[in-house]
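In what follows, a structure is listed as structure tokens, so that the remarks can point back to it.
Proteins get letters first, then strands, A, B, ... in listed order; numbering begins at 1 in each. Computed from a prediction, not measured in an experiment: that's the story for all the values here.
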Amino acid sequence: MTKTLSGAEVARQIGEPLPDAVTGSDDTTVFVRSEAILDAARFLKEYLDFDYLVSITAIDFNDHFDVVYHLRSLKNNYGVVLRTRCDDRQSPSVPSVVSLWQGADLQEREVYDLMGISFDGHPNMKRIVLWDGYEGHPLRKDFILDVPGGGKAT
Amino acid sequence: MTLETEPVVLNMGPQHPSTHGVFRMRVTFDGEVIVDFEPVFGYLHRGIEKLAEHKTYLQNMPYTDRLDYVASMSNNWAYALAVEKLAGIEVPERAEYLRVIMGELMRLSSHLVGVGALFNDMGAFMTPFLYMYREREKILDLFDMVCGQRLTYNYMRFGGVSHDIPEEFMPTLRRFIDDMPRYIDEYDRLLAENEIVLARSKGVGILPAEKAINASVSGPVLRGSGVKWDLRKNNPYSIYDRFDFDIPTGTVGDVYDRYRVRVEEMRQSVRIVKQAMEQIPQGEVRTRVPTPLKPPPGEAYASVEAPKGELGFYLVSDGGAKPYRFKIRAPSFINLTILRDLVMGWKLADAIIIFGSIDICMGEVDR
């Protein structure tokens with residue numbers, strides 16, 4: 001069975017080399033400051049063997065976005081969730097993790113396309129399922145389905 | 001005198017017989033050799049993740065059928081697992097066995113399509129494909145018997161399956177499962193050592209294990225590269241810990257290995273279905289759940305080993321009747337990450353079989 005590492009334990013380990021990175025933790029999740037996400041992810045990959053990036057996604061909470069990384073170690077069969085908060089609604093961005101896991105490539109582009117969060121350092125940050133020139137980001141909560149084009153952002 | 005040359009850009013698709021759906025490959029050639037490659041997709045994007053936020057949990061079940069429509073049962077299953085995890089719903093024993101039987105039949109069916117289509121791409125036009133469709137028809141008939149549908153089953157429910165199997169199902173399944181190993185032998189006699197197949201697929205599109213892991217590849221593509229990782233063994237959801245089966249892996253990670261892994265997985269699926277048929281108990285097939293279902297606020301990620309790889313659903317609930325966030329971790333989509341690296345330096349005809357060996361379904365890529 002894939003073990004879920006305790007968020008608090010992983011947070012403690014990240015905290016040793018990166019004292020300012022972690023903002024909180026619970027049973028499964030470590031919350032990290034968005035500027036520190038690349039360093040925290042690199043630490044997890046290099047020192048805790050998180051070799052596999054299961055998924056990247058984002059959630060819109062109206063006043064902020066959460067970017068969620070599901071990480072797994074195929075070597076040790078355990079997983080943890082890394083989560084970061086993005087407060088800027090106008091031009092949200094977080095550092096890209098493509099340099100660590102190639103698997104982030106298309107997934108970060110998808111998050112950018114549908115949620116409008118851009119990933120700094122991504123080699124090819126452009127829309128992926130919608131076409132260039134499309135206005136708005138459909139997975140945002142202020143994108144209204146009844147209005148063609150999703151309506152005006154509030 | 002020197003000849004001036006320049007690279008040529010060729011658009012293949014979105015309408016092209018080799019692209020397995022509406023998928024476009026933007027390929028740059030230097031002579032015959034591929035020097036740049038860009039996958040372009042989204043032609044089938046229906047915004048399922050957004051639509052799902054406007055529907056109740058149960059209303060979303062039929063939408064999952066339309067992701068990887070060659071393997072709808074697996075999609076149902078993954079979604080049901082995620083909701084059950086979110087809401088804490090138990091599944092009765094009999095329903096778990098039915099799910100395993102359907103899930104493994106689905107794997108057989110999907111691999112038959114995947115392998116058949118790969119041979120189409122290799123130039124064995126339609127003959128192997130139709131041999132494999134012969135058996136796939138029988139599986140679809142079985143599903144038809146269970147839920148009245150041949151493609152979009154909508155069979156699973158939170159806490160079980162929609163209804164029990166009819167009386168004639170088990171004898172028909174028994175006949176099919178007894179015959180199936182013979183058919184797989186037949187495909188192998190025709191194809192496994194075929195000289196053209198070997199020449200086209202051995203050593204082509206090699207994906208090293210380390211690269212496969214780093215690119216988040218899953219399913220037969222990952223195992224073809226020699227990584228022994230299968231969620232049914234490594235994270236035994238449902239009741240997979242009760243069955244005896246092996247995880248086939250490749251050695252070099254070329255097109256041939258990916259094809260062989262799929263064939264061996266078919267044999268293992270037959271083994272699992274056999275054991276499930278012997279062990280299946282009588283009893284309820286569905287736990288009663290409140291309608292509409294309102295899971296407590298929280299989030300859950302659950303995944304299954306779908307035929308094409310790890311299919312996961314990540315659900316966020318705010319306590320309401322509709323999911324606040326509905327995210328699909330689609331294996332076909334993520335497996336495409338590696339395609340560019342695999343085809344670089346090969347010729348067009350090789351690129352087509354490399355693409356075929358990844359086995360994607362556009363319904364799942366575009367969502």
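A donor-acceptor contact shorter than 3.5 Å is absent between the side chain of B:Tyr314 and the backbone of A:His70. Listed for the B:Ser216 side chain is a donor-acceptor partner under 3.5 Å among the backbone atoms of A:Leu53.
Side-chain N/O atoms of B:Arg325 and A:Thr57 include a donor and acceptor closer than 3.5 Å.
One distance of note links CZ of A:Arg72 with CD of B:Glu310; it measures 4.0 Å at 0.5 Å rounding. With rounding to the nearest 0.5 Å, the separation of CD1 in B:Ile213 from OG in A:Ser73 is 9.5 Å. Atom CD of B:Glu299 and atom OG1 of A:Thr29 lie 5.5 Å apart (nearest 0.5 Å). Residue A:Asn124 holds its CG atom at 6.5 Å from CD of B:Glu38, rounded to the nearest 0.5 Å.
Scanning residues 98-111 of chain A against chain B with a 4.5 Å non-hydrogen threshold yields A:Leu100, A:Trp101, A:Gln102, A:Gly103, A:Asp105, A:Leu106, A:Gln107, A:Glu110, sorted by number.
Under the rule for a side chain to side chain donor-acceptor pair (under 3.5 Å), the partners of B:Asp244 that lie at least two apart in sequence or sit in another chain are B:Arg271.
Neither the backbone nor the side chain of A:Lys75 has a heavy atom closer than 4.5 Å to any heavy atom of chain B. Both the backbone and the side chain of A:Leu74 come within contact range of chain B, each with at least one heavy atom under 4.5 Å from a heavy atom of that chain. At a 4.5 Å heavy-atom cutoff, the contact between A:Asp60 and chain B is made by backbone atoms alone.
Using cut-offs of 30° and 60° for the angle between ring planes, the B:Tyr324 and A:Phe61 rings count as parallel.
Contact check for A:Trp131 versus B:His45: no side-chain heavy atoms found under the 4.5 Å cut-off.
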